[in-house]
There are 2 protein chains.
Amino acid sequence: MTQKDDFKLQDFLPYLLNQAAEESGLAFQQIYKDRYGMLRTEWRVLFHLGMYGRMSAKDIGERSKMHKTKISRAVAKLEARRMLTRERDAADRRLEYLTLTQAGKAAYIDLRGVAKAYDTGLAGQFSQEDIDKLRLMLRHLAGMK
Amino acid sequence: MTQKDDFKLQDFLPYLLNQAAEESGLAFQQIYKDRYGMLRTEWRVLFHLGMYGRMSAKDIGERSKMHKTKISRAVAKLEARRMLTRERDAADRRLEYLTLTQAGKAAYIDLRGVAKAYDTGLAGQFSQEDIDKLRLMLRHLAGMK
DNA sequence: AGTTAACGGTTGATTTTGTAACTAACAAGG
DNA sequence: CCTTGTTAGTTACAAAATCAACCGTTAACT
């Protein structure tokens with residue numbers, strides 16, 4: 001091109017990370033979509049509630065860095081599908097605590113199992129040492145220090 | 001939760017990759033958006049044409065794994081902004097070859113410089129050895145063998 | 001040639017996201 | 001109390017992504 005063109009898009013970290021994220025998540029996405037008709041935002045909310053138990057939308061937002069509108073909509077859908085219930089805080093009536101229903105817990109446990117196996121499969125392509133380092137670096141890049 | 005819950009969402013590779021991709025790309029995204037009003041699909045098309053020179057939408061699709069409708073629309077926008085021109089193949093009149101205009105090249109060169117500096121900044125957080133390994137693993141996960 | 005299938009690319013309808021503005025509730029200072 | 005500001009969450013509207021159907025063209029088979 002116009003000057004010596006030693007730029008390689010395939011090495012550009014944001015691009016590479018995106019491609020890896022997309023490709024590596026595809027098959028898992030297919031599962032929660034097919035099995036429960038969920039969106040990514042929805043399974044993320046589900047996972048947060050499954051892992052940490054009862055919490056507010058705000059708490060989820062802080063941990064996941066998802067925008068509050070996404071969470072609001074995901075919660076609405078999960079509620080419509082009877083996967084969670086809301087409960088207003090008596091002391092501060094702006095707050096709503098979210099809890100998984102039995103159906104929600106069942107979905108969480110199911111998907112958690114899938115995720116674990118899936119992750120094991122991905123990680124299995126590398127040595128334990130390498131995968132540990134990868135996770136460490138990714139956490140660093142993600143700002144999850 | 002219901003059983004021993006040793007699942008950590010923060011270690012789940014597709015999730016972690018997504019967070020890292022999102023976070024690491026944010027500031028760069030801001031630049032091509034502010035400076036040229038571009039979308040991610042648009043700068044990707046721009047970069048492909050800048051790096052490889054004249055090519056068809058289909059070629060871009062194969063290399064970038066973007067869906068053809070995204071590419072079609074990105075090309076239309078770049079054309080409207082006079083960043084590229086189309087040229088029909090005389091032999092196979094379904095094909096269109098895309099070429100950057102001067103303005104397109106200038107934008108590419110500008111953004112390529114930004115990307116390089118940006119990437120250097122990201123990579124600088126790690127040792128050369130680690131960053132090489134990271135890229136290798138990401139390429140592997142992305143299926144870009 | 002004539003039919004059918006496949007391909008490159010575009011378009012339109014629907015879904016999902018992003019951005020702002022909005023409620024309703026609380027908090028702090030006067 | 002009463003303003004002003006902030007917070008948790010929702011909603012409305014615009015921007016963008018997805019999906020399927022589409023057009024014109026080429027290829028393949030008969």
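Here is how names work: the chains are called A, B, and so on, in the same order as the sequence lines, proteins then strands, and each is numbered from 1.
Axis angle across the helix from C:dA1-D:dT30 to C:dG30-D:dC1, with five pairs used at each end and values rounded to 10°: 20°.
Protein atom CE of B:Met55 is 11 Å distant from nucleotide atom P of C:dG9, rounded to whole Å. Distance B:Leu84 CG to C:dG9 P: 13 Å, rounded to the nearest Å. In this structure, the CG atom of B:Asp89 is 10 Å from the P atom of C:dG9, given to the nearest Å. In this structure, A:His67 atom NE2 and D:dA12 atom C1' are separated by 14 Å, rounded to whole Å. Between the NZ atom of B:Lys77 and the C1' atom of C:dT11 there is a distance of 15 Å, given to the nearest Å. With rounding to whole Å, A:Arg44 atom CZ is found 13 Å from C:dT17 atom C1'. Distance, B:Leu98 CG to C:dG8 P: 14 Å, rounded to whole Å.
Atom CE of B:Met137 and atom CG of A:Leu122 lie 10.5 Å apart (nearest 0.5 Å). With values rounded to the nearest 0.5 angstrom, A:Leu98 atom CG is found 9.0 Å from A:Asp59 atom CG. Put simply, CD on A:Glu23 and NE2 on B:His140 are 11.0 Å apart, with the number rounded to the nearest 0.5 Å.
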Just do the side-chain hydrogen bond (donor to acceptor under 3.5 Å, both in side chains) check on B:Tyr36 and B:Asp110 with the steps written out, would you? CA-CA 11 Å; B:Tyr36 298 98; B:Asp110 177 35; 2.5 Å; yes

Please determine whether side-chain contact (heavy atoms from CB on, under 4.5 Å) holds for the pair B:Leu17 and B:Leu138, giving the CA-CA distance in whole Å, both sets of side-chain angles, and the decisive distance to 0.1 Å. CA-CA 9 Å; B:Leu17 285 162; B:Leu138 291 176; 3.6 Å; yes

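Using bins of under 30°, 30° to 60° and over 60° for the plane-to-plane angle, the ring pair B:Tyr32/B:Trp43 lands in the tilted bin. Classification of the A:Tyr118-A:Phe28 ring pair by plane angle, with boundaries at 30° and 60°, yields tilted.
If you chain together ILVMFWY residues whose side-chain heavy atoms come under 4.5 Å of each other, B:Leu39 ends up in a group of its own.
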Nucleotides 6-9 of chain D: which of its N/O atoms have a protein N/O under 3.5 Å away?
{"from": "D:dT7", "atom 1": "O2", "to": "A:Arg94", "atom 2": "NH1", "distance (Å)": "2.8"}
{"from": "D:dA8", "atom 1": "OP1", "to": "A:Lys58", "atom 2": "NZ", "distance (Å)": "2.9"}
{"from": "D:dG9", "atom 1": "OP1", "to": "A:Glu96", "atom 2": "N", "distance (Å)": "3.2"}
{"from": "D:dG9", "atom 1": "OP1", "to": "A:Glu96", "atom 2": "O", "distance (Å)": "3.4"}
{"from": "D:dG9", "atom 1": "OP2", "to": "A:Lys58", "atom 2": "N", "distance (Å)": "2.6"}
{"from": "D:dG9", "atom 1": "N7", "to": "A:Lys68", "atom 2": "NZ", "distance (Å)": "2.9"}
{"from": "D:dG9", "atom 1": "O6", "to": "A:Lys68", "atom 2": "NZ", "distance (Å)": "2.7"}

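Checked against salt bridge (charged side-chain N to carboxylate O under 4.0 Å, His left out), B:Arg82 has no partners two or more places apart in sequence or in another chain. By the salt bridge (charged side-chain N to carboxylate O under 4.0 Å, His left out) test, A:Arg73 is found to be paired with no residue, residues two or more places apart in sequence or in another chain being considered.
Ranking D:dA17, D:dT26, D:dA12 by closeness to the A:Arg73 side chain, first place goes to D:dA12. When each of D:dT18, D:dT11, D:dA17 is scored by its nearest atom to the side-chain atoms of A:Thr69, the top-ranked nucleotide is D:dT11.
Toward the 5′ end of DNA chain C lies the nearest nucleotide of A:Leu39, the other residue of the pair A:Arg93 and A:Leu39 mapping further downstream.
Ring-centre distance between A:Phe47 and B:Phe12: not below the 6.0 Å cut-off.
Taking a 6.0 Å sphere around NZ of B:Lys65, one finds it holds more than 12 heavy atoms contributed by other residues, nucleotides or ligands.
The stretch residues 16-36 of chain B has no heavy atom under 4.0 angstrom from DNA chain D at all.
Among the protein residues, A:Ile71 comes within range of no part of the nucleic acid, since none of its heavy atoms lies under 4.0 Å from any strand. A:Ala91 comes within 4.0 angstrom of the backbone, heavy atoms only, and of no base.
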